[in-house]
Every structure is written in structure tokens, then in C-alpha cells.
Amino acid sequence: MKKALFLFSLFLLVQCQAFSQTQDSLWENNRKDSIIQYMSPLEYAFMMHEETKFMLRVPAIGIGVERELLPYTSAMAQAIWGAGRIQLYAELRWYYGSKRLGVRNMSGNYVAGGYFHNGFNSDMFYARWGIQRRFLGNGLIDLGFLAGYRKTEIFHPFTSKGYLNLETSSSLGLGLVFNQNNNIDRNRVCPIVKCFEVERFMLKFNLSEIIGIHYSPAQSQFFGRFQPSIALEHKLFNSSISLNVNSEVFLFAANSPNERSEFYRNRPTFSGAEFIAEGRWYYNMHRRIRNGKGGNGLSANYIAAGVRQQYGSMYGDNRTFQSGYIFTTGVQCTIGKRIYFDVQCGIAENLNERFGYPI
């Protein structure tokens with residue numbers, strides 16, 4: 001009799017535990033459905049309904065991880081190949097923007113404190129305000145505004161041993177989240193990825209890395225960078241081919257009142273402009289349309305070929321002229337009405353390079 005009562009009690013305990021887990025699962029699913037119901041299509045496309053505690057970050061050329069430590073607080077470490085060396089980042093982030101929905105998802109506005117090492121001779125401690133979004137499951141967009149103090153071991157006219165740094169930053173790549181349901185309701189994101197729209201013309205402004213300011217109080221040195229970019233792209237007839245024309249103006253200015261050399265003192269470093277005209281072929285456009293991932297627009301993988309012309313003035317005296325061909329491959333994606341990203345890589349061949357002086 002006692003044995004039968006014991007087995008019956010054990011059976012009830014197991015059933016209660018299973019019922020409790022089922023109730024928790026149902027409650028979590030209902031909670032997620034309730035959140036999704038009141039989200040905009042853009043918030044849904046940015047995965048702001050999916051809780052995320054660990055993410056593998058894969059920027060254009062690099063790898064990193066991000067791990068939740070406390071609710072809405074994470075640690076991020078990342079290594080990126082740039083300027084011929086491996087650059088390291090480490091950050092502690094607080095996603096204050098995610099608290100509005102109450103979902104710990106690493107897809108929101110944040111403030112962070114971090115450390116950067118350029119892989120050779122420079123270290124920086126900084127604070128960052130940023131906007132990170134996971135996009136359609138595995139896409140990752142991370143834009144920010146950074147302010148910090150940087151130290152370097154090499155001294156030359158436009159870089160001091162310690163200076164204040166203020167600049168914009170951007171990173172595009174993959175954010176891989178495992179053991180999670182990333183199935184996307186295509187009907188909900190159609191207004192964002194434009195499933196059925198024909199897109200023939202686009203005016204593009206690249207503001208991701210438009211400005212950088214560096215100042216050394218000890219040497220009274222100033223170095224500034226201003227680099228806006230504007231592009232026009234138009235489809236040719238109803239084909240998968242488009243013409244893209246891009247213009248970029250860059251101004252690098254420096255002030256070195258304590259520099260011994262009269263040539264470098266109080267002179268702008270470099271200024272100029274670059275113009276690119278290229279033809280693009282979106283080779284997987286029709287497959288994306290068949291799969292419902294986009295309409296007949298300007299969002300797909302492409303290969304491109306074109307010409308470039310660059311003009312520059314160095315130190316206000318000598319001028320440079322460059323022209324040549326470019327061959328690239330990349331992916332462009334438009335998000336809603338005002339957001340786009342364009343990631344590409346390729347080669348550039350200079351046909352000629354001339355130097356001159358003001359008349």
C-alpha cells in the first residue's frame with residue numbers, strides 16, 4: 001500500500017512539473033504573440049520580439065561575440081581586419097531602448113564603454129552611443145557615435161601621443177543566434193523589403209562615417225575629417241541592370257602650431273573629390289522575386305564595372321589626378337523608405353596619375 005501511494009505521488013509530481021513547463025511555454029508564446037501584435041513592420045523586421053542572450057558577430061572581415069550579463073546589459077568582444085592588421089574591440093553595453101518592449105534582444109539603442117587597440121601602436125578608451133539592429137534573422141547593423149581618449153607611440157605632425165577623439169562609426173555583417181526560432185512571417189515584412197514594388201530610382205546619402213575630430217590639448221594639435229557621399233542609381237528599362245553614379249567629397253584638415261617644420265605648420269592635409277560611374281547587374285533579382293524576398297527593385301546581390309576619377313590637393317600646393325577602372329561585387333538592401341546599406345569589395349586599376357601645381 002505504501003509503495004502504491006509513493007508511486008502515485010511520484011506520478012502526480014511528474015505530471016504537475018510537465019503541466020508547469022507547458023504553462024510556462026504557453027505563457028511565453030502568448031507574451032511573444034502579444035508583443036508582435038503591437039509591433040510595427042519595421043520593428044518586426046529588426047527582430048525586436050526575439051529574446052537573445054548570445055550572438056556570434058561576423059562583420060565584413062572579422063569575428064566577435066556578444067553575451068548578456070544582466071537584463072539589457074551585455075559584453076561584446078570583436079576582432080576586425082583593417083589597415084593591414086587585426087584591430088580589437090571590447091565593450092560593455094546597456095540597451096536602454098530595449099526596455100520599452102521588455103525584451104532582452106540585443107536589438108535596440110544602447111550606450112557603451114569600451115577599449116580599442118589598433119593592432120600596432122595605438123590604444124583608446126571610449127564611450128559610445130549606438131543603434132544596433134538584427135535584421136530578418138541573421139543580418140546585423142551597428143551604427144554609433146564615439147568619443148574617447150587615444151594614445152599612440154608614434155609622433156608625426158598630425159598625430160600626438162595623446163588626443164581626444166570624436167567620430168561616427170558603422171558596422172554591417174551577420175549576427176548569428178543559435179537554438180532560436182528565426183522564422184520570419186514574410187507578409188509582415190513585405191512593407192519593409194518591398195515584396196511587390198517596382199523600384200527604379202534611388203537617391204543615396206552615406207552618412208555612416210562622415211566626420212572625425214581629433215584634438216591634443218598638450219600639443220594644441222587639431223585634425224579633422226569631413227567625408228560626405230551622395231549617389232544616384234537608376235534602373236535601365238525593366239531589366240536587372242542599373243546605372244549608379246557616386247560622388248564623394250573629402251576634406252582632411254590639420255592645425256599644428258608647435259610643429260618645427262614650416263611646411264607642415266597650420267596647413268590643410270588633404271582635400272579633394274572622387275567620382276564613380278558604374279553599371280550594376282543584379283544577378284539574383286529574379287530568384288529573390290520568386291522566393292518572395294523582394295520586388296523588382298534595387299535590393300539584391302550584384303556585380304559592377306565602371307570608371308573612377310579622383311582629384312586631390314595636398315598641403316594646398318601640389319595637386320593629384322587619378323583615373324581608372326573598378327570591378328566590384330556586393331549586396332545592396334533597402335529597408336523601408338529611408339534606410340539602405342551597400343556592402344561591396346573589388347579591385348581598382350589606375351590608368352594614370354598626374355601631379356601638378358596651382359596656376
Side-chain angles (χ1 to χ4, degrees), residues 31-32 34-60 62 64-78 80 89-116 124-148 165-177 180 182 184 188-189 191-193 205-213 333-343:
R31 175 175 175 271
K32 182 180 293 187
S34 177
I35 291 174
I36 292 175
Q37 182 180 356
Y38 294 100
M39 295 178 70
S40 68
L42 187 60
E43 290 176 327
Y44 180 80
F46 283 150
M47 307 300 294
M48 302 184 81
H49 57 287
E50 289 280 2
E51 290 201 348
T52 305
K53 296 186 178 181
F54 178 83
M55 179 167 58
L56 179 65
R57 302 168 61 96
V58 186
V65 295
E66 187 169 356
R67 174 73 180 180
E68 182 184 85
L69 301 179
L70 297 170
Y72 312 109
T73 303
S74 70
M76 188 274 288
Q78 190 164 266
I80 298 177
Y89 290 86
E91 285 186 6
L92 186 65
R93 296 182 170 189
W94 176 48
Y95 286 93
Y96 67 91
S98 298
K99 296 190 69 174
R100 181 174 65 87
L101 294 176
V103 182
R104 293 139 59 174
N105 52 14
M106 299 182 191
S107 185
N109 298 4
Y110 66 87
V111 292
Y115 166 78
F116 165 76
M124 178 171 61
F125 293 93
Y126 62 86
R128 187 206 303 263
W129 174 85
I131 300 173
Q132 178 165 283
R133 298 289 188 269
R134 291 176 54 213
F135 181 60
L136 295 181
N138 292 323
L140 185 65
I141 307 170
D142 193 352
L143 308 175
F145 195 77
L146 179 150
N165 191 65
L166 188 67
E167 62 184 13
T168 55
S169 63
S170 64
S171 177
L172 298 173
L174 299 177
L176 304 179
V177 177
Q180 198 162 300
N182 285 333
I184 303 297
R188 290 189 62 90
V189 298
I192 303 304
V193 299
F205 297 92
N206 183 4
L207 305 178
S208 61
E209 297 181 354
I210 188 173
I211 191 172
I213 300 174
C333 182
T334 59
I335 306 172
K337 296 181 178 180
R338 297 181 178 85
I339 304 174
Y340 88 99
F341 67 83
D342 187 356
V343 181

- prompt: Do the numbers put Arg67 on top of the ring of Phe54, so that NZ or CZ is under 6.0 Å from the six-membered ring centre and no more than 45° off the axis?
  reply: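 Pair Arg67/Phe54 does not count as cation-pi.
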
field: Pair Phe205-Tyr340, side-chain contact (heavy atoms from CB on, under 4.5 Å): steps then yes or no
entry: CA-CA 9 Å; Phe205 297 92; Tyr340 88 99; 6.0 Å; no

- request: Decide side chain to side chain donor-acceptor pair (under 3.5 Å) for Asn105 and Ser98; before the verdict, give the C-alpha distance in whole Å, the side-chain angles of both, and the deciding distance to 0.1 Å.
  value: CA-CA 7 Å; Asn105 52 14; Ser98 298; 3.0 Å; yes

- request: Just say parallel, tilted or perpendicular for the rings of Tyr115 and Phe125, cut-offs at 30° and 60°.
  value: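 The arrangement is tilted - the two ring planes meet at 30° to 60°.
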
query: Relative to each other, are the rings of Phe341 and Phe135 parallel, tilted or perpendicular (30° and 60° limits)?
result: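 Ring orientation of Phe341 relative to Phe135: perpendicular.
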
message: Run the side-chain contact (heavy atoms from CB on, under 4.5 Å) test on Met55 and Leu140 for me, step by step, so that the C-alpha distance in whole Å, both residues' side-chain angles and the decisive distance to 0.1 Å come before the verdict.
response: CA-CA 10 Å; Met55 179 167 58; Leu140 185 65; 4.2 Å; yes

Would you say the side-chain atoms of [X] pair up with the backbone N or O of [Y], donor to acceptor, closer than 3.5 Å?
X	Y	value
Gln132	Met106	yes
Ser107	Arg134	yes
Glu43	Ser40	yes
Asn165	Gly148	no

task: Go through the steps for Arg57 and Asp142 under the test salt bridge (Lys or Arg N to Asp or Glu O under 4.0 Å), then give the verdict.
output: CA-CA 11 Å; Arg57 302 168 61 96; Asp142 193 352; 3.1 Å; yes

task: For side chain to side chain donor-acceptor pair (under 3.5 Å), just list the numbers for Ser74 and Glu68, CA-CA rounded to whole Å, side-chain angles, deciding distance to a tenth of an Å, and then say yes or no.
output: CA-CA 4 Å; Ser74 70; Glu68 182 184 85; over 6 Å; no

Check against side-chain contact (heavy atoms from CB on, under 4.5 Å), Leu56 and Val177: CA-CA 7 Å; Leu56 179 65; Val177 177; over 6 Å; no

field: Validation row, ring centre Tyr72 to ring centre Tyr95 under 6.0 Å
entry: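 No: the rings miss the under 6.0 Å criterion.
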
Shortest non-hydrogen contact between Gly212 and Glu167, atoms and distance: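 Taking every non-hydrogen atom into account, CA-CB, 3.8 Å.
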
message: Give me the atom names and distance for the closest heavy-atom approach of Ser169 to Arg128.
response: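 For Ser169 and Arg128, the tightest heavy-atom pair comes out as OG-NH1, 2.6 Å.
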
